[in-house]
A.B. asks: 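Encoded as structure tokens, here's the structure I'll be asking about.
Indexing begins at 1, ligand by ligand and atom by atom, following the structure's order.
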Amino acid sequence: MSEKMKGLKCKECERLYPTEAIHVCEYCFGPLEVDYNYDFIKRSLTHGKIESGPHTLWRYWDLLPVKTDNVISIHEGMTPLFHARRLGKELGLSNLFIKNDAVNPTYSFKDRVVSVALSRARELGFDTVACASTGNLAGAVSAYGAAAGFRTFVFMPADLELGKVIGAGIYDPVIVGVRGNYDEVNRLCAEVADMYKWAFVNVNLRPYYSEGSKTLGFEVAEQLGWRAPDHCVVPAASGSLLTKIHKGFKELEMLGLIPKHKTRMSVAQADGCAPVVTAIREKTDIVRPVRPKTIAKSLAIGNPADGPYAARIVQDTHGGADTATDAEIVDGIRLLARTEGIFSETAGGVTTAVLKKLARTGIISSDELVVAFITGNGFKTIEAVAGRTSPMQEISPNLDEFKELYDRVSTAPVRP
Ligand SMILES: *Cc1c(COP(=O)(O)O)cnc(C)c1O
Ligand SMILES: [Zn+2]
């Protein structure tokens with residue numbers, strides 16, 4: 001029925017493979033990527049067709065790696081993009097936009113990749129789905145697994161935030177808490193994936209899974225009135241999100257759906273886990289693994305699979321690369337909340353803190369149309385800001401006590 005997918009193609013040696021549940025090249029061990037038939041897609045894809053589609057990321061079905069129309073969706077995507085005037089004013093950026101992906105069904109951008117991966121898993125005939133997660137992916141796989149009736153196993157480091165554990169557990173998956181860091185979880189999952197015939201969304205289904213992140217690029221371009229922004233600031237864990245947002249713009253350009261434009265891609269990582277930023281600082285695309293130590297647990301991947309590609313895109317597009325310490329991450333979360341009313345998780349704190357640094361150092365210029373990607377919700381990582389928020393002022397149900405409180409707080413400084 002559909003001819004949009006030609007096959008899978010090795011990103012390194014370009015060898016072709018069938019569209020199965022495989023992810024590495026047998027010859028050079030490079031990652032496999034979906035190879036589309038753009039000539040075929042171009043014949044029917046128009047702004048009008050996209051705009052009249054569902055109010056989810058599935059409006060971009062023609063550019064997503066599934067054949068079925070019967071996709072697994074719980075209304076992911078089409079999240080708000082808005083002009084962040086108060087934060088922009090504070091940072092000296094007149095054209096700052098926030099893409100708020102913290103309001104997806106399971107409160108992170110991972111709903112995008114999982115909706116695509118599980119739709120593909122079902123059409124490939126799998127009955128069990130699984131993932132190696134830094135937290136948010138486990139929640140998304142658990143929710144979509146429940147909604148589609150899969151048997152679900154999620155693997156995560158055993159020391160994750162309660163919001164991530166409960167946020168996955170509520171959907172009744174098997175949660176495997178591994179005593180180790182993400183890179184160790186991932187290594188174990190590669191072995192499990194070899195042994196059991198499961199759809200591991202970010203292992204054997206990775207070529208399909210990762211395509212879901214392109215929809216962030218598609219949406220931003222559509223929401224800007226069919227144009228790419230000048231500059232994007234994107235947090236990186238495996239580096240996949242950054243590379244795919246960029247790919248999203250390139251595909252729309254190639255199909256004639258947006259004008260040609262050179263979008264600069266900047267990367268944000270935590271100080272305690274910055275292998276991609278380090279590579280860029282050293283002007284290389286060789287990413288040396290690190291042992292993560294940061295409160296931004298959703299970004300704590302020390303050996304990022306797509307790190308070299310992300311580093312190359314940042315360098316090729318003349319983007320910036322910077323990091324945030326734990327204290328700066330907390331300040332970043334508070335800054336975004338105080339200026340724009342958005343409560344982000346630690347990854348959003350990293351993005352906001354790095355955005356601030358890139359603005360201050362002039363890497364982002366004051367009138368560039370810049371989009372900062374907020375990828376996860378603050379209610380998942382309340383531990384990070386506990387003790388750093390307005391305290392509760394407890395009183396008896398009595399007007400005199402309130403007046404006393406009022407006198408006390410009304411002498412406190414007003415917000416800027
Ligand atoms: C997974 C994740 C990222 C990074 O995604 P990669 O594609 O692995 O780089 C960013 N933010 C949040 C909140 C995440 O959960
Ligand atoms: Zn190859």
Side-chain angles (χ1 to χ4, degrees), residues 8-17 22-33 35 99-104 106-114 117 131-141 156 160-161 163-164 167-168 182-183 186 201-202 206 209-214 216 233-247 265 267-270 273-277 287 292 294-311 313-314 329 333 344-352 354 372-381 384:
L8 300 178
K9 190 183 196 172
C10 174
K11 266 187 103 154
E12 294 300 325
C13 75
E14 307 201 329
R15 268 196 178 77
L16 294 172
Y17 292 86
I22 47 175
H23 66 114
V24 275
C25 177
E26 288 169 12
Y27 295 88
C28 76
F29 302 106
L32 304 183
E33 194 170 41
D35 188 24
K99 179 63 171 168
N100 183 14
D101 236 28
V103 295
N104 272 305
T106 76
Y107 308 103
S108 89
F109 95 91
K110 293 295 199 300
D111 291 332
R112 296 176 184 275
V113 283
V114 170
C131 68
S133 177
T134 57
N136 287 317
L137 184 57
V141 169
M156 55 168 71
L160 286 189
E161 303 94 340
K164 303 268 170 82
Y182 173 82
D183 298 286
N186 195 38
V201 300
N202 55 341
R206 193 169 178 87
Y209 156 96
S210 58
E211 288 287 287
S213 294
K214 286 191 314 196
L216 264 166
V233 181
V234 184
S238 74
S240 173
L241 172 64
L242 184 143
T243 63
K244 295 289 176 166
I245 290 172
H246 185 252
K247 181 178 179 187
M265 300 297 293
V267 61
Q269 291 200 293
C273 182
V276 178
V277 173
V287 175
T294 168
I295 59 167
K297 295 182 181 180
S298 55
L299 300 182
I301 298 185
N303 188 11
D306 291 290
Y309 302 106
I313 287 172
V314 170
I329 293 167
I333 295 172
S344 72
E345 70 137 85
T346 44
V350 170
T351 303
T352 307
V354 167
F373 289 81
I374 300 303
T375 47
N377 199 293
F379 285 102
K380 297 210 191 198
T381 60

A.B. asks: Which value, rounded to 10°, describes the SG(Cys10)-the Zn ion (ligand 2)-SG(Cys13) angle?
C.D. replies: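 Angle SG(Cys10)-the Zn ion (ligand 2)-SG(Cys13): 110°, rounded to 10°.
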
A.B. asks: Heavy atoms only: give me the nearest Ala270-Ile329 pair and the separation to one decimal.
C.D. replies: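 Ala270 and Ile329 have their closest heavy atoms at CB-CD1, 4.2 Å.
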
A.B. asks: Between the main-chain N or O of Val277 and the side-chain N or O of Gln269, is there a donor-acceptor pair closer than 3.5 Å?
C.D. replies: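 Yes, the answer is positive, given that a donor and an acceptor are paired below the 3.5 Å cut-off.
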
A.B. asks: How close does the nearest protein non-hydrogen atom get to atom 6 (P) of ligand 1, and which residue and atom is it?
C.D. replies: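 Looking only at protein heavy atoms, the one closest to atom 6 (P) of ligand 1 is Ser238 OG, 3.4 Å.
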
A.B. asks: Can you confirm, on distance only, whether ligand 1 has an N/O atom lying under 3.5 Å from any N/O atom belonging to Leu241?
C.D. replies: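 It does: an N or O of Leu241 is found under 3.5 Å from an N or O of ligand 1.
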
A.B. asks: Please state which part of Asn136 comes within less than 4.0 Å of ligand 1, counting heavy atoms only: side chain, backbone, both or neither.
C.D. replies: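 For Asn136, only side-chain atoms sit under 4.0 Å from ligand 1.
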
A.B. asks: Purely on distance, is any nitrogen or oxygen of Thr134 under 3.5 Å from one on ligand 1?
C.D. replies: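 No, Thr134 has no N/O under 3.5 Å of an N/O on ligand 1.
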
A.B. asks: Which residue owns the protein heavy atom closest to atom 2 (C) of ligand 1, what's the atom, and how far is it?
C.D. replies: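 Minimum-distance protein heavy atom for atom 2 (C) of ligand 1 reads Lys110 NZ, 2.4 Å.
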
A.B. asks: Mark yes or no for whether Thr352, through its side chain, and Gly349, through its backbone, hold a donor-acceptor pair below 3.5 Å.
C.D. replies: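 No: the side chain of Thr352 does not pair with the backbone of Gly349.
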
A.B. asks: Going by side-chain contact (heavy atoms from CB on, under 4.5 Å), Tyr209 matches just one of Arg112, Lys110, His23. Which one?
C.D. replies: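 That would be Lys110.
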
A.B. asks: Pick from Asn136, Asn104, Thr106: which one makes a side chain to side chain donor-acceptor pair (under 3.5 Å) with Asp111?
C.D. replies: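 Only one option passes, and that is Thr106.
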
A.B. asks: Rounded to 10°, how many degrees is the angle SG/Cys28-the Zn ion (ligand 2)-SG/Cys25?
C.D. replies: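 An angle of 110° at the metal.
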
A.B. asks: What is the nearest protein non-hydrogen atom to atom 12 (C) of ligand 1, stated with its residue, atom name and distance?
C.D. replies: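 Ranked first by proximity to atom 12 (C) of ligand 1 is Thr375 OG1, 3.3 Å.
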
A.B. asks: Report yes if the side chains of Ser108 and Thr375 come closer than 4.5 Å at any heavy-atom pair, otherwise no.
C.D. replies: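 A side-chain contact is absent here, since even the closest heavy-atom pair is not under 4.5 Å.
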
A.B. asks: Using a 4.0 Å heavy-atom cut-off, say whether Glu345 meets ligand 1 through its side chain, its backbone, both or neither.
C.D. replies: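 Looking at Glu345 and ligand 1, just side chain atoms fall under 4.0 Å.
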
A.B. asks: Any N or O on Ile301 sitting closer than 3.5 Å to an N or O of ligand 1?
C.D. replies: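 So ligand 1 has no N or O lying under 3.5 Å from an N or O of Ile301.
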
A.B. asks: May I ask you to decide if Gly163's main-chain N or O and Glu161's side chain share a donor-acceptor pair within less than 3.5 Å?
C.D. replies: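 No, Glu161 side chain to Gly163 backbone: no donor-acceptor pair under 3.5 Å.
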
A.B. asks: Write out the residue and atom name of the closest protein heavy atom to atom 10 (C) of ligand 1, then the distance separating them to 0.1 Å.
C.D. replies: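 For atom 10 (C) of ligand 1, the nearest protein heavy atom is Leu299 CD2, 3.4 Å.
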
A.B. asks: Is there a donor-acceptor pair closer than 3.5 Å between any side-chain N or O of Asp35 and the backbone N or O of Lys9?
C.D. replies: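 Judged by distance alone, no pair lies under 3.5 Å.
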
A.B. asks: For atom OH of Tyr107, decide whether the heavy atoms of other residues, nucleotides or ligands shown that lie under 6.0 angstrom number more than 12.
C.D. replies: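 Counting other residues, nucleotides and ligands, OH of Tyr107 stays at 12 neighbours or fewer.
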
A.B. asks: Can you check which of Gly307, Ser210, Gly139, Ala237 brings a heavy atom nearest to atom 9 (O) of ligand 1?
C.D. replies: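 Among Gly307, Ser210, Gly139, Ala237, the closest heavy atom to atom 9 (O) of ligand 1 comes from Ala237.
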
A.B. asks: Please confirm whether Ser108 approaches ligand 1 to less than 4.0 Å, judged on its heavy atoms.
C.D. replies: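 It does not, in that no heavy atom of Ser108 comes within the 4.0 Å cut-off of ligand 1.
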
